[in-house]
Participant: 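Below you'll find the structure I mean.
Below, chains carry the letters A, B, ... as their sequence lines are ordered, and counting in each starts from 1.
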Amino acid sequence: MAERVTQEPDRQEREAQAATSAVPSAGSDGQPVALQTEAHGQKPAAGTREAIYDLDDVGVTYGSVPAVREVTFPIYQHEITALIGPSGCGKSTLIRCLNRMNDLIPAASVTGKVSYHGQNLYDDEIDPVQVRKHIGMVFQKPNPFPKTIYDNIAFGPRVLGMDGNMDEIVESALRRGALWDEVKDRLKTNAFGMSGGQQQRLCIARALATSPDVILMDEPCSALDPISTGRIEDLMLELKENYSIVIVTHNMQQAARVSDRTAFFIVDLKGEESHRIGHLVELSPTEKIFTNPDDQRTEDYVTGKFG
Amino acid sequence: MEATSAGATGAPRPDLYRTRTRRSTGEAAIRYALLAAALVSVLTTTGIVFSLLEETVVFFGDVGVGEFLSGTKWTPLAGGESQSFGVVPLVFDTLYLTGIGLLVAIPFGIGSAIYLSEYASPRVRRILKPVLEVLSGVPTIVFGYFALTFVTPEILKGLGLEVGSFNALSAGLVLGVLVLPTIATVADDALTAVPGSLREGAFGLGASRMQVSVRVVLPAALSGVVAALVLGASRAVGETVIILVAGGQKADLTLDPTVAMQNMAAFIAAASRADIPTSGPEYGAIFAVGTTLFVMTLVLNAISIRFVRKYRQVYE
């Protein structure tokens, strides 16, 4: 909740940057050079990094049933932001607002502003297909297409009409997805023959192939064993050098291990069970959330008093 | 002996022996009744094959197999010198009429299926799908007269085409309309069965709805869509009444769709009502054509089953 104040000072800077990259081009990264020189491993104080997203009073309802309300927080570039909270608190619903995936559910409606580089994603003139070109997504269950490994990776670049040598694009994406060595000899085999963990890394590599700016991950490890989970967490830490990542997770240890910042959501019981509305309790650097949170409810949750 | 000592210590031993009761007799009876139900269709098929083959063998005693399968003149009901039993024109016309039908039914059928499963809102879908299903239940005689009394005179002649009163074009087009809902509803079922997670994955990569439909959902449902096409094709191959009413009574080896054409099923129907002796080759020809049609659809179905097995994708 305090975040809303702390990110005010850099708003001008952000808007200036948004103006210069009003029409972001696919594939090229329109990031300011200054960010690339920043020292790795050193956690910057809130506000020095650039916010790529600014959520302002975001709420989602399905039909007449509200799912999540009054969410306001920024998401910073080249960080891993984790969304945690008990079941039904609206964290998956919220992450699907970040690339307009909620559009696929006819009854869903979104209120408030989801600003991405200064543009409200829910403005009438915004094309959700364009949005998703810049913001990749990895889902709860691995969902490779029933095609070869090669065609899975090449799908995104092909539908976006990307130029360049497809073999190189595929190899580069598989290398970034830490999968190349395992699959380089069977690129033309069906992706369904891979293990669950490999399939999920394939889905990550598939998202990377279109060179997005942001990768959204909705409980990416919930269907995987601990070893596969560990590999994907390592991969996320590598990827945040070049991408911004938002992850929904049920696993608090995972949030503690990988994320820079954690948003804790809770679900209100208003009257009956059918009117459960999720909302944000606090967003803080992950260390703070797990050691010294501002809100008593956060402390109760991360210490296992409820959940 | 241990059993007796165990029995002696506690409560009376429960009776677990098999005894004949009303319930067990009923179970057995139901089992045989269900078996009989399953056997009915098997026995019927065997009976059909047997009756077809019996007369076909007699026919091939009169007319040579080679003459039948390679002859290019089909005039079985003509008398004397002009009578000829070359089945090639009849098979050709059957495939030609089916081809015209599929030319209509495949694009519109697959198009409707993609629209229903990928584009239509739940409300539109709730209305449109039952309408399509009702359309596939319209008696084919209605379609036949629609072709004869509306499509031929009003549409085809209205467009300035020089078509005969009985012509292949009209019959073929309406044949397509007949099988369109079959293809659309079966293909729609196949497309709808593709898990939503695949669509989400493709949308998440920035694909448009058309790209998601054509590049992900359609290939993922390929085996079901092909099954829909084969079902439509076998219906078109075996369709009788539309061709009988609107297609005409003769089978020539021609590519001209404005003249009359007859397919195998319509020949069987026409010949069986004609005044022919039951002893001659005219009568046997009905069964020979029936056998040929039977073999054709059998091959079509066998190919499709192999194809569907090979490309079937099992989703969790």
Participant: With chain B, which of A:Gln140, A:Met137, A:Arg206 has the greatest number of heavy-atom pairs at distances under 4.5 Å?
Facilitator: A:Arg206
Participant: What do you reckon, is CD1 of A:Ile227 surrounded by more than 12 foreign heavy atoms closer than 6.0 Å?
Facilitator: no
Participant: Search all heavy atoms of B:Gly201 against all heavy atoms of A:Phe145 and return the closest pair with its distance.
Facilitator: C-CZ, 4.0 Å
Participant: Looking only at heavy atoms, what is the nearest atom pair of B:Leu205 and A:Thr210, with distance?
Facilitator: O-CG2, 4.4 Å
Participant: What closest approach, in Å, do A:Asn143 and B:Leu198 show between heavy atoms, and which atom pair accounts for it?
Facilitator: O-CD2, 3.8 Å
Participant: Can you tell me which portion of A:Ile135 sits under 4.5 Å from chain B's heavy atoms? Options are side chain, backbone, both or neither.
Facilitator: backbone
Participant: What do you reckon, is CG of A:Asp163 surrounded by more than 12 foreign heavy atoms closer than 6.0 Å?
Facilitator: no
Participant: Evaluate the criterion side chain to side chain contact (heavy atoms under 4.5 Å, CB included) for residue pair A:Leu104 and B:Arg199; output intermediate values, then yes/no.
Facilitator: CA-CA 9 Å; A:Leu104 303 183; B:Arg199 290 182 188 89; 5.8 Å; no
Participant: Taking B:Pro122, B:Ser208, B:Ala207 one by one, which has the highest count of heavy-atom pairs under 4.5 Å against chain A?
Facilitator: B:Ala207
Participant: Quick one, A:Val159 with B:Arg215, criterion side chain to side chain contact (heavy atoms under 4.5 Å, CB included). Give me CA distance, side-chain angles, the key distance, then yes/no.
Facilitator: CA-CA 9 Å; A:Val159 298; B:Arg215 299 201 191 191; 3.8 Å; yes
Participant: Quick one, B:Val216 with A:Phe155, criterion side chain to side chain contact (heavy atoms under 4.5 Å, CB included). Give me CA distance, side-chain angles, the key distance, then yes/no.
Facilitator: CA-CA 9 Å; B:Val216 174; A:Phe155 179 85; 3.4 Å; yes
Participant: Flag the pair A:Lys147 / B:Pro219 as yes when at least one side-chain heavy-atom distance between them is below 4.5 Å, and no otherwise.
Facilitator: yes
Participant: Could you name the residues of residues 90-103 of chain A that have a heavy atom within less than 4.5 Å of a heavy atom in chain B?
Facilitator: A:Arg96, A:Met101
Participant: Just verifying a value: how many Å separate A:Asp218 CG and B:Glu200 CD, rounded to the nearest 0.5 Å?
Facilitator: 8.5 Å
Participant: Contact part of A:Pro157 toward chain B, heavy-atom cut-off under 4.5 Å: side chain, backbone, both or neither?
Facilitator: neither
